[in-house]
Amino acid sequence: MSSMYFSLNSAFILGLMGLALNRHHLLSALLCLESMLLTLFITIAIWTLTLNSASSSIIPMILLTFSACEASAGLAILVATSRSHGSDNLQNLNLLQC
């Protein structure tokens with residue numbers, strides 16, 4: 001395994017571990033999700049460059065579009081949560097209560 005693939009895999013695993021283990025603030029969870037999606041984008045972009053096919057060159061752009069939509073929805077949830085509860089602590093949130 002080359003060092004590039006190892007660093008991309010380890011960046012994805014670090015984002016996944018940060019998401020699984022650090023559940024204190026909503027902002028840190030959103031940053032871990034964003035790092036995972038950016039690592040996936042770089043990996044798919046490199047994969048399409050090595051394939052040299054025109055049909056799969058749109059896949060990284062679709063993933064980047066979904067990543068931007070996820071980031072905007074996450075920021076909207078973060079703003080709504082901080083306005084209603086006063087902080088982004090995940091321990092203070094009760095998702096069953098409106």
Side-chain angles (χ1 to χ4, degrees):
M1 182 184 291
S2 70
S3 63
M4 180 181 61
Y5 292 125
F6 177 73
S7 63
L8 288 173
N9 284 335
S10 62
F12 186 80
I13 295 296
L14 282 175
L16 187 64
M17 294 297 289
L19 184 64
L21 298 177
N22 190 9
R23 294 181 178 231
H24 190 65
H25 291 285
L26 181 61
L27 184 61
S28 64
L30 290 174
L31 285 174
C32 288
L33 276 175
E34 204 54 40
S35 70
M36 288 170 57
L37 282 173
L38 286 176
T39 305
L40 192 62
F41 167 73
I42 292 170
T43 305
I44 290 177
I46 291 171
W47 177 65
T48 56
L49 284 175
T50 57
L51 284 180
N52 290 331
S53 67
S55 63
S56 64
S57 65
I58 193 69
I59 295 172
M61 295 306 293
I62 292 172
L63 182 69
L64 195 62
T65 304
F66 284 138
S67 175
C69 293
E70 178 264 333
S72 65
L75 286 177
I77 290 171
L78 178 68
V79 167
T81 302
S82 64
R83 283 185 182 174
S84 65
H85 294 288
S87 70
D88 68 336
N89 267 345
L90 291 177
Q91 282 80 22
N92 296 338
L93 297 178
N94 187 1
L95 296 178
L96 298 176
Q97 184 181 18
C98 290

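- In the hydrophobic clustering of ILVMFWY residues, with side-chain heavy atoms under 4.5 Å counting as a link, Ile46 and Leu64 come out together.
- The shortest non-hydrogen separation linking Cys32 to Gly15 is CB-O, 3.6 Å.
- One finds the CG atom of Leu14 at 12.5 Å from the CG atom of Leu19 (value rounded to the nearest 0.5 Å).
- Listed by first and then second residue, the side-chain hydrogen bond (donor to acceptor under 3.5 Å, both in side chains) pairs that reach into residues 35-49 come to none, sequence neighbours excluded.
- Considering only heavy atoms from C-beta on, Leu40 stays 4.5 Å or farther from Met36 through its side chain.
- For Leu49, there are no side chain to side chain contact (heavy atoms under 4.5 Å, CB included) partners, not counting sequence neighbours.
- Remark: Leu75 CG to Ser82 OG distance equals 10.5 Å, nearest 0.5 Å.
- The number of heavy atoms from other shown groups lying within 6.0 Å of CE (Met4) is above 12.
- Listed here is the closest heavy atom pair of Pro60 and Ala45: CG-CA, 3.8 Å.
- Applying the side-chain hydrogen bond (donor to acceptor under 3.5 Å, both in side chains) rule to Ser67 yields the partners Glu34; only residues at least two apart in sequence or on another chain are considered.
- Considering CG of Leu16 and CG of Leu21, their distance stands at 9.0 Å, rounded to 0.5 Å.
- Distance check, rounded to the nearest 0.5 Å: CD1 of Ile44 to CG of Leu51 gives 11.5 Å.
- Residue Leu38 holds its CG atom at 11.0 Å from CG of Leu33, rounded to the nearest 0.5 Å.
- Side-chain heavy atoms closer than 4.5 Å link hydrophobic residues (I, L, V, M, F, W, Y) into clusters, and following such links, even through other members, never connects Phe12 to Tyr5.
- Rounding to the nearest 0.5 Å gives a distance of 12.5 Å between CD1 of Ile77 and CG of Asp88.
- Both Leu8 and Ile59 belong to a single network of hydrophobic side chains, linked directly or stepwise wherever heavy atoms of I, L, V, M, F, W or Y lie under 4.5 Å apart.
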